[in-house]
Amino acid sequence: MAPLQPGSRKREAPAPQEAAAGSSSQGSAGVDGHGPLPLKKPRRPAAQRSLVNYLKGREVGAPGRAGFPGFDSELRGLAVRKLPELLRERELSLGTVDKVFASQWLNAKQVVCGTKCNTLFVVNVQSGHKTRIPLMRDRRPPPVHAQPGCGIHAVQLNPSKTLLATGGENPNSLAIYRLPTLDALCLGDRHGHKDWIFALAWMSDTVVVSGSRDGTLGIWKIDPDVFRSGIGWHSAAGLPVYSHIRPAEVEDVPRAGTNPGNCKVRALAFSAQRQELGAVTMDGYFHLWKARNTLARLLSIRLPYCRENVCLTYCDELSLYAVGSQSHVSFLDLRQGHQSVRHLCSREGGTGVRSLSFYEHIITVGTGHGSLLFYDVRAQRFLEEKISVSPYSSPRSTGRRLRLICGRGWLSQDDLQMNYFGAFGELPNALYTHCYNWPEMKLFVGGGPLPSGLRGNYAGLWS
């Protein structure tokens, strides 16, 4: 609508509005050849609820135009449902590293990854350039008969994205790096875990929890003065100098009477809204703690599907935990007065659910068969493929699950086990990790061959 134009009439006779094309100016006072027209009540401007006007209002930052009640959530929900069918893959070459186990976006261009071969690196998803990050070493050398390392299974950024937690050169130790420089800050190698760290979760900017195969949780408190002190220090030889820290608390995970030796912590998820920490152990249990200054155990639940429970995620909006197992995803609603457990079958040939993530009400499932699935928790069904029968009609559902198939990646041909596994034909990659960059609608996916004896990797950018 054009702005009011100043007129030459007296103040008591307001000037008429300029009419828009194809419309009249009946809403204003005026004079025609038969005398003055009666004043009419001005019309209220029609609410513009189109997506274009909504985005334009946000772009110019007009006051009162930041959004409509409920429209923001509707828009996000639509984007979440529509994005998977629009994603297209571009494979990233990682050289000869073995199996990408963990990944997190550092910024719009860079993803930090941890691998089975104990390599920590940053990959630029635009250029493909890969930068290796030196690992921190324990104060004491490992025992002579120490078992070989399992690699880096977890990489987590704190809420303010100023610190990164991951494993050290010794997979039993916790390593903290400063962001964005990735300078070595401190290493938790004193009185910590006696076995590999498999999971990490930040409870605040300075408190991180580690879950280990030794059946314990370590609570580590990072002194704020340490990482606010400035740049990283280096020795005369150019090696990074960092502090050696110990956990503030070590919590034993409850052991099942049937299999007390298999309470290895495999995955963690923290709810900042409810201040709760969930953990999944290899003996088929889910454990929940109240997380304040210390951990107070709330409950332990035997999961309905207890084979290969290797991933866990939490949705604040739905107050729902999701656990991935060999062939199912189990949903746990553990709010006060609720203790319901539902499940869905992944139907991926028993290759397992290897990675999970929530956004809004859609859960993304990375499988051991090289595919990504998308499940709508509210509608209680998987997203489906759609086809357009003509350019003039809306796409219609095929009734088949929407499944994004990942590329071949790299596979070493030198392994002796290739003689055995090669008889099964082409081997898909297990998708051990995935992470979204929602502002730019991008998805990073990493993995490698499922058989532990095979060496290979996969990395792809879906956008």
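The backbone N or O of L450 lies less than 3.5 Å from no partner atom in the side chain of R354, so there is not a single donor-acceptor pair. Using modelled atom types, no side-chain atom of Q380 and backbone atom of V377 make a donor-acceptor pair closer than 3.5 Å. Between the side chain of N309 and the backbone N or O of Y285 there is no donor-acceptor pair closer than 3.5 Å. Side-chain atoms of D252 do not come within 3.5 Å of backbone N or O of T216 as any donor-acceptor pair. Listed for the E169 side chain is no donor-acceptor partner under 3.5 Å among the backbone atoms of D138. The closest donor-acceptor contact from the side chain of D98 to the backbone of C117 lies at 3.5 Å or more, if one exists at all. Using modelled atom types, one side-chain atom of R455 and one backbone atom of T96 make a donor-acceptor pair closer than 3.5 Å. Remark: side-chain polar atoms of N172 are paired, donor with acceptor, to backbone N or O of W196 under 3.5 angstrom. Side-chain atoms of N437 never come within 3.5 Å of backbone atoms of K442 as a donor-acceptor pair (strictly under, hydrogens ignored). A donor-acceptor pair under 3.5 Å is absent between the side-chain atoms of D214 and the main chain of H193, judged by distance alone.
With contacts defined as side-chain heavy-atom distances shorter than 4.5 Å, the pair V253/H287 qualifies. You'll find the side chain of T115 reaches within 4.5 Å of the side chain of F121, heavy atoms only. Residues M441 and K82 fail the side-chain proximity criterion, which asks for heavy atoms closer than 4.5 Å. Using a 4.5 Å heavy-atom threshold, the side chains of L288 and L332 count as separate. Side-chain contact between P180 and L106 is absent, with no heavy atoms from C-beta onward closer than 4.5 Å. Using a 4.5 Å heavy-atom cutoff, the side chains of K130 and V97 are in contact. Using a 4.5 Å heavy-atom threshold, the side chains of L200 and L174 count as touching. Residues Y432 and V310 have side chains not in contact (no heavy-atom distance under 4.5 Å, counting atoms from C-beta outward).
Between A201 and F270, the closest heavy-atom pair is CB-CB, 4.3 Å. Residues L157 and Q104 come closest through the heavy atom pair CD1-CB, 3.7 Å. In plain terms, the two heavy atoms of C113 and S103 that are nearest each other are SG-CB, 4.2 Å. Across all non-hydrogen atoms, the minimal contact from S204 to N158 is O-CB, 4.3 Å. Nearest heavy-atom pair, I222 versus C186, reported as atom, atom and distance to 0.1 Å: CD1-SG, 4.2 Å. Closest non-hydrogen pair, S330 versus Y305, comes out as OG-CD1, 4.1 Å.
Here F286 contributes atom CZ and L303 contributes atom CG; the two are 8.0 Å apart, rounded to the nearest 0.5 Å. Note that the CZ atom of R213 and the NZ atom of K194 stand 14.5 Å from one another [nearest 0.5 Å]. Expressed to the nearest 0.5 Å, how far CG of L185 lies from OG of S243 amounts to 6.5 Å. The distance from the CH2 atom of W462 to the CG atom of L404 is 4.5 Å, given to the nearest 0.5 Å. For the atom pair F382 CZ and F374 CZ, the distance stands at 11.0 Å (nearest 0.5 Å). Rounding to the nearest 0.5 Å places CH2 of W289 at 11.0 Å from CE of M203.
A distance of 6.0 Å or more separates the ring centres of Y436 and Y359.
For the side-chain hydrogen bond (donor to acceptor under 3.5 Å, both in side chains) criterion with D189, the lone passing option out of R137, R246, R139, H244 is H244.
With no hydrogens or angles considered, no side-chain donor-acceptor pair links S319 and D333 at under 3.5 Å.
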| Does the pair L373 and R403 meet the rule for a side chain to side chain contact (heavy atoms under 4.5 Å, CB included), with working shown? | CA-CA 5 Å; L373 304 174; R403 181 181 279 105; 3.8 Å; yes

| request: I would like to know whether R132 and T119 meet side chain to side chain contact (heavy atoms under 4.5 Å, CB included); could you show each step before the answer? | output: CA-CA 7 Å; R132 188 164 179 169; T119 302; 3.8 Å; yes

| field | Check against side chain to side chain contact (heavy atoms under 4.5 Å, CB included), D205 and L163 | value | CA-CA 8 Å; D205 258 352; L163 297 176; over 6 Å; no

| field | side chain to side chain contact (heavy atoms under 4.5 Å, CB included) between I362 and L383, intermediate numbers included | value | CA-CA 9 Å; I362 301 294; L383 299 189; 4.3 Å; yes

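Residue K290 places its NZ atom among more than 12 non-hydrogen atoms of other residues, nucleotides or ligands, all under 6.0 Å distant. Enclosure of atom CZ in R307 is not indicated, since only 12 or fewer non-hydrogen atoms of other residues, nucleotides or ligands lie within 6.0 angstrom. Crowding of R297 atom CZ: a count of heavy atoms from other residues, nucleotides or ligands under 6.0 Å exceeding 12.
Using a 4.0 Å cut-off between a side-chain N of Lys or Arg and a carboxylate O of Asp or Glu, K109 and E440 do not qualify as a salt bridge. Using a 4.0 Å cut-off between charged side-chain N and carboxylate O, R378 and E360 make no salt bridge.
Classified by interplanar angle (parallel below 30°, tilted 30° to 60°, perpendicular above 60°), the ring pair F444/W105 is perpendicular. Ring geometry, F198 versus H153: the interplanar angle falls from 30° to 60°, so the pair is classed tilted.
For Q273, the side-chain hydrogen bond (donor to acceptor under 3.5 Å, both in side chains) criterion is met by no residue, not counting sequence neighbours.
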